[in-house]
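Just below is one structure, and these are the notes that go with it.
Note that the structure is predicted; figures quoted are calculated from it, not measured.
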Amino acid sequence: MMKQFIGCLKNPTVNTPVHINVLCCLENLSYNLYTHKYLSNVDLIGALINVADRRPSHPIHFEDMDPALCSELESHLVMCFGVMVISHLALTKAALLPEQLSSQVEFFLGRFLRNVDCNLLHEWMVKSQGYRWQDIFPTMRLVYRPLHCTSLCSIDLLCFEAGVLSLQIILSRDSEMQTLIKQGLLDYLICLPWHISEGLEAHKRAKL
């Protein structure tokens with residue numbers, strides 16, 4: 001199965017919406033810790049990073065959205081889903097990202113956080129009826145896990161920032177907020193600012 005995913009991501013003739021569907025599948029797989037030994041693959045991680053650098057081939061169109069913004073949106077979606085997959089892999093002890101790709105992963109995450117247009121992704125979340133997050137727990141875990149580590153590397157911090165950003169985007173739609181409430185995660189969301197403050201302060205003390 002991994003070979004098929006890698007082949008699709010590497011194929012420049014495949015339409016970008018297909019790449020997005022593949023990335024959605026990979027994101028769902030990354031929720032399960034048992035899949036990480038298969039996803040922590042040099043070729044797969046390299047393909048995830050490289051596909052985000054391509055120009056969109058067939059942009060998603062919304063009736064009231066400028067075509068140029070549609071193209072930019074598609075680039076953001078490809079990079080966003082790629083970041084989610086990599087972040088889930090990076091923050092688990094069960095599997096580590098390939099060491100030879102660590103610098104590329106760090107650059108990829110940093111570039112996403114510097115260049116992402118949150119308003120554009122918020123707009124897509126509100127208008128899109130196709131993709132639904134049925135489980136908010138993995139994204140919440142992505143935010144909380146680094147806060148309980150005594151020592152954080154630069155990739156850990158980037159994954160944490162990506163998790164916070166992803167949570168903000170996902171919860172911009174009412175249906176996902178209702179899913180969070182049904183999963184009993186509302187208290188975690190309300191307490192998140194306090195945990196972030198305490199966690200980052202503890203990290204600073206640990207570095208002294």
Side-chain angles (χ1 to χ4, degrees), residues 1-65 67-90 95 97 101 104-105 108-109 111-112 115-118 120-139 141-142 159 162-163 165-176 179:
M1 180 64 75
M2 286 302 112
K3 289 183 178 179
Q4 284 82 356
F5 283 141
I6 294 169
C8 180
L9 292 174
K10 285 186 173 181
N11 190 342
T13 65
V14 174
N15 293 346
T16 311
V18 175
H19 285 151
I20 292 176
N21 288 333
V22 170
L23 290 167
C24 288
C25 291
L26 289 171
E27 186 202 2
N28 282 303
L29 286 173
S30 71
Y31 291 171
N32 191 323
L33 300 181
Y34 292 106
T35 67
H36 286 190
K37 62 181 179 181
Y38 304 106
L39 295 175
S40 297
N41 178 295
V42 173
D43 290 334
L44 179 61
I45 301 300
L48 283 172
I49 294 173
N50 291 333
V51 75
D53 292 328
R54 296 183 195 154
R55 291 180 62 84
S57 55
H58 292 78
I60 301 168
H61 290 287
F62 292 112
E63 292 183 1
D64 56 346
M65 183 179 285
L69 283 180
C70 290
S71 178
E72 185 180 351
L73 169 62
E74 194 156 87
S75 294
H76 273 57
L77 289 175
V78 169
M79 187 173 287
C80 185
F81 283 118
V83 163
M84 290 290 286
V85 175
I86 289 175
S87 296
H88 283 296
L89 295 177
L97 288 172
L101 291 179
Q104 294 181 46
V105 166
F108 176 63
L109 294 172
R111 184 182 62 176
F112 170 75
N115 299 331
V116 65
D117 186 337
C118 294
L120 191 59
L121 289 173
H122 275 293
E123 186 175 358
W124 171 74
M125 276 294 297
V126 172
K127 293 181 179 180
S128 173
Q129 299 300 316
Y131 191 81
R132 285 286 186 271
W133 274 265
Q134 302 297 328
D135 189 359
I136 310 298
F137 176 78
T139 308
R141 180 180 62 198
L142 199 61
C159 290
L165 181 63
S166 299
L167 195 62
Q168 289 175 332
I169 293 169
I170 290 171
L171 296 179
S172 61
R173 192 163 52 192
D174 290 341
S175 57
E176 272 69 13
T179 298

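- Looking at every heavy atom in both residues, L39 comes nearest to L44 through O-CD2, 3.5 Å.
- The distance from the CG atom of L120 to the SG atom of C80 is 11.0 Å, given to the nearest 0.5 Å.
- A donor-acceptor pair under 3.5 Å links the side-chain atoms of E176 to the main chain of W133, judged by distance alone.
- Between M79 and V116, every side-chain heavy-atom pair lies at or beyond the 4.5 Å cut-off.
- With hydrogens and angles ignored, the 3.5 Å screen pairs no side-chain donor or acceptor of T35 with any backbone N or O of Y31.
- Here H88 contributes atom NE2 and N28 contributes atom CG; the two are 9.0 Å apart, rounded to the nearest 0.5 Å.
- Within the model, atoms OG1 of T179 and CZ of R173 stand 9.5 Å from one another, a figure rounded to the nearest 0.5 Å.
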Next item on the list: Before giving the answer on side chain to side chain contact (heavy atoms under 4.5 Å, CB included), spell out for L23 and L9 the whole-Å C-alpha distance, their side-chain angles and the decisive distance to 0.1 Å.
Entry: CA-CA 9 Å; L23 290 167; L9 292 174; 4.2 Å; yes
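- Side-chain atoms of Y38 and L29, non-hydrogen and from C-beta on, never get closer than 4.5 Å to each other.
- Side-chain atoms of I45 and N41, non-hydrogen and from C-beta on, never get closer than 4.5 Å to each other.
- The 12-atom threshold is exceeded at CG of N115, counting heavy atoms of other residues, nucleotides or ligands nearer than 6.0 Å.
- Rounded to the nearest 0.5 angstrom, L142 CG and I136 CD1 are separated by 12.5 Å.
- Looking only at distances, a side-chain donor or acceptor of S172 sits under 3.5 Å from a matching main-chain atom of I169.
- The closest side-chain heavy-atom distance from F108 to V83 is below 4.5 Å.
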| message | Checking V22 against Q4 for the side chain to side chain contact (heavy atoms under 4.5 Å, CB included) test, could you report, in this order, the C-alpha distance in whole Å, the side-chain angles of both residues, the deciding distance, and whether it holds? | response | CA-CA 10 Å; V22 170; Q4 284 82 356; over 6 Å; no
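- Of the possible donor and acceptor atoms, one in the side chain of H36 sits under 3.5 Å from a partner among the backbone N and O of S30.
- Note: S87 OG to R141 CZ = 12.0 Å, rounded to the nearest 0.5 Å.
- Within the model, atoms CD of Q104 and CG of L109 stand 12.0 Å from one another, a figure rounded to the nearest 0.5 Å.
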Determine, stepwise, if the pair F5 / L26 fulfils side chain to side chain contact (heavy atoms under 4.5 Å, CB included). CA-CA 8 Å; F5 283 141; L26 289 171; 3.6 Å; yes
One pair to check against side chain to side chain contact (heavy atoms under 4.5 Å, CB included): L165 and F112. What are the steps and the verdict? CA-CA 11 Å; L165 181 63; F112 170 75; 3.7 Å; yes
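- Contact annotation: the side chain of T139 approaches that of M84 to within less than 4.5 Å [non-hydrogen atoms, C-beta and beyond].
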